[in-house]
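Everything below concerns the one structure shown next.
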Amino acid sequence: MKRVTLFDYGAGNLHSLGKALAETGYEVRIETDPRRATETDLLVLPGVGAFQLAAERLAPAREEVRTALADGLPTIGICLGMQLLFDESEEGKGRGLGVIPGRVERIRSPRVPHIGWNSVEPSGEKAFARAGLDVAYYAHSFVCRPEDESVVTAWTTEAEDRFPAAVRAGNVAGVQFHPEKSSREGVTFLAEMVREALR
Amino acid sequence: MTLTRRIIVCLDVAGGRVVKGVQFESLRDVGDPVVLAERYERAGADEIVYLDISASAEERATLLDLARRTAERLFVPLTIGGGIRTADDVGRALRAGADKVGINSAALERPEVLTESAERFGAQCVVASIDARREKGGWRVYSRGGRTPTEREPISWARECVERGAGEILLTSIDRDGARDGYDLELTRAVADAVHVPVIASGGAGNATHVLDALRQGHADAALVAGILHDGVTTVGAIKTLLADAGVLVRRKAA
């Protein structure tokens, strides 16, 4: 049976995400060792904690993880997990995986963090329409600025800032919002992403 | 689009059970917070808050188990408040299944707990919970569930909480709490205008129009609602319909 692995940085709530992933019927494993986390059919980088601490957790195995992703390991990064796909972040020291060229910068909004339900405007990813997900739950202060905007598969806007709600580069996908906190439509969206990745 | 305004439903819990009577579609006092939280999610609640009012440490221990059971069934954000003392407590609550943690008295006694929590877990999960009471010429912050007056006033205290790392302010008017005669709009607006993080108005909702007032006149980003929903006075759906009709952006549940 195909296996989904949830990488655990050691901070935050993985229960809802684990449960949402388990609804797909695949075996879900939680792994704290980044090297072993890549021995899977689908890697999920969850979205809790601070950039620097998560980058430190990944650092000893950064090259192996990066190579696995570059070689086509299906991956879904959520919130901070999406930001870790990029090169670096204004939030803190440390290197991201750098599989999508670009930086992570502070959101340009009068109210930070950006917390609450905001739009998802798809530009390519079919899972959004299939799940009926057009508004999702966000909780973050930093946003991804890819060098090449063609990686963006959905956008959202807060105040004057339009930023990626989702990105994809080959088998590597990222979402800035929390599908596991975006009610039934979010859980369905996540299941669509997982099924697509493991097809 | 831009951020929608949120309706957050609060359940008072102790020993892992809901302690105030809840009337939900003719069901009285179901008692299990998980069942009620799920019902409110289906009704369109944007977030759920568990306020732990347990008196004893034994009761409190069951809170983490409750968070765990909830997180496996609830797919909107869960905030846990009440009795959180340290960054390690925050970590345990998050680990158990909370998405955000409310810190109140502990921050008043030792404000560094906000910074320590934000550095470890990110500002987005640190909610500074402020209880304020009106007095001559302004307001005063109270600790320990609204029982103990402090030397602080809520506007500068809210600012300090944000500087120290809080990512959200949950602002409760003690005078209005349970009175159902509307939120303290002046207090809400003063705090919302003073900080650059989202502010949740709490205390005083008697009807949907009060919620509209808190968001529009009070400049709040979200409104906490409890009694009027639990007693069946109104519903999340009815509140959101009124808000949408008034031109306030809200998340609508697909039918």
Side-chain angles (χ1 to χ4, degrees), chain A residues 8 10-20 22-23 47-54 79-80 91-92 109-121 132-142 155-162 178-188 190, chain B residues 1-8 41-42 44-48 67-78 80 90-91 93-101 117-127 162 166-168 192 195-200 219 221-222 249-254:
Chain A
D8 183 0
N13 163 19
L14 299 181
H15 294 279
S16 301
L17 182 55
K19 192 70 185 174
E23 286 196 8
V48 281
F51 185 91
Q52 187 171 334
L53 292 180
C79 194
L80 175 66
E91 185 188 355
S109 164
R111 287 221 194 268
V112 182
H114 176 239
I115 295 180
W117 298 76
N118 204 337
S119 63
V120 173
E121 297 148 27
L133 185 72
D134 54 9
V135 55
Y137 185 80
Y138 296 79
H140 60 112
S141 302
F142 296 83
W155 293 92
T156 191
T157 306
E158 173 58 11
E160 299 305 303
D161 202 348
R162 183 171 186 255
H178 286 271
E180 79 283 11
K181 292 288 155 189
S182 298
S183 204
R184 188 43 53 187
E185 293 81 357
V187 176
T188 306
L190 190 63
Chain B
M1 210 168 81
T2 190
L3 273 182
T4 59
R5 304 298 182 102
R6 287 169 282 156
I7 302 299
I8 301 175
E41 176 186 345
R42 282 200 296 275
D46 295 310
E47 293 183 31
I48 302 294
R68 202 166 293 119
R69 288 192 295 120
T70 305
E72 289 176 357
R73 307 245 309 258
L74 186 75
F75 294 106
V76 296
L78 173 68
I80 286 183
V90 172
L94 296 174
R95 200 71 188 155
D99 299 290
K100 301 191 268 191
V101 175
S117 303
E119 279 174 359
R120 273 170 66 186
F121 310 110
Q124 81 293 328
C125 71
V126 179
V127 182
V162 172
E168 229 172 0
V195 296
H196 61 75
V197 302
V199 172
I200 304 161
H219 300 176
D221 300 275
L249 207 53
V250 289
R251 175 180 72 106
R252 304 306 296 272
K253 268 314 260 191

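Computed over heavy atoms, backbone and side chain alike; hydrogens, waters and symmetry mates excluded.
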Holding to side chain to side chain donor-acceptor pair (under 3.5 Å), I want the full list of residues that pass it with B:Arg69, two or more places apart in sequence or in another chain.
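B:Arg69 satisfies side chain to side chain donor-acceptor pair (under 3.5 Å) with no residue once adjacent residues are dropped.
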Is the closest side-chain heavy-atom distance between A:His178 and B:Asp99 below 4.5 Å?
no
Does any non-hydrogen side-chain atom of A:Arg111 lie less than 4.5 Å from one of B:Val195?
yes
Which bit of [X] is near chain B, if near means a heavy-atom gap under 4.5 Å: side chain, backbone, both or neither?
X: A:Glu121; answer: side chain
X: A:Ala159; answer: backbone
X: A:Glu23; answer: side chain
X: A:Arg162; answer: neither

So which part of B:Leu74 gets closer than 4.5 Å to some heavy atom of chain A, the side chain, the backbone, both or neither?
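For B:Leu74, the backbone is the part near chain A, not the side chain.
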Check each atom of B:Glu168 against the heavy atoms of chain A and say whether the ones under 4.5 Å are side chain, backbone, both or neither.
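Only the side chain of B:Glu168 comes within 4.5 Å of chain A.
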Among all residues two or more places apart in sequence or in another chain, which pass the ring-ring contact (aromatic ring centres under 6.0 Å, His included) test with A:His114?
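Applying ring-ring contact (aromatic ring centres under 6.0 Å, His included) to A:His114 gives A:Tyr138, A:His140, A:Phe163.
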Output the option from [options] having the highest count of non-hydrogen pairs under 4.5 Å with chain B.
options: A:Lys181, A:Glu158, A:Lys19; value: A:Lys181
options: A:Val112, A:Val135, A:Leu17; value: A:Val112
options: A:Gly132, A:Pro113, A:Ser182; value: A:Pro113

With chain A, which of [options] has the greatest number of heavy-atom pairs at distances under 4.5 Å?
options: B:Ala192, B:Ala123, B:Ala222; value: B:Ala192
options: B:Ala71, B:Gly122, B:Ala67; value: B:Ala71
options: B:Ala93, B:Gly97, B:Gly167; value: B:Gly97

Kindly give the heavy-atom pair with the smallest separation between B:Phe75 and A:Ser16, and that separation in Å.
CE2-O, 3.5 Å
Non-hydrogen atoms of B:Leu3 and A:Ile115 that approach each other most closely:
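Shortest heavy-atom contact: CD1-O, 3.5 Å.
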How long is the span from the CZ atom in B:Arg6 to the OH atom in A:Tyr137, to the nearest 0.5 Å?
5.5 Å
Kindly compute the distance separating CZ (B:Arg252) from CH2 (A:Trp117), expressed to the nearest 0.5 Å.
14.5 Å
Backbone N/O of B:Arg95 and side chain of A:His15: donor-acceptor pair under 3.5 Å:
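Yes: the side chain of A:His15 pairs with the backbone of B:Arg95.
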Under a 3.5 Å threshold, yes or no: a donor from one side chain and an acceptor from the other, between A:Ser183 and B:Glu41?
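Note: A:Ser183 and B:Glu41 side chains meet the donor-acceptor criterion.
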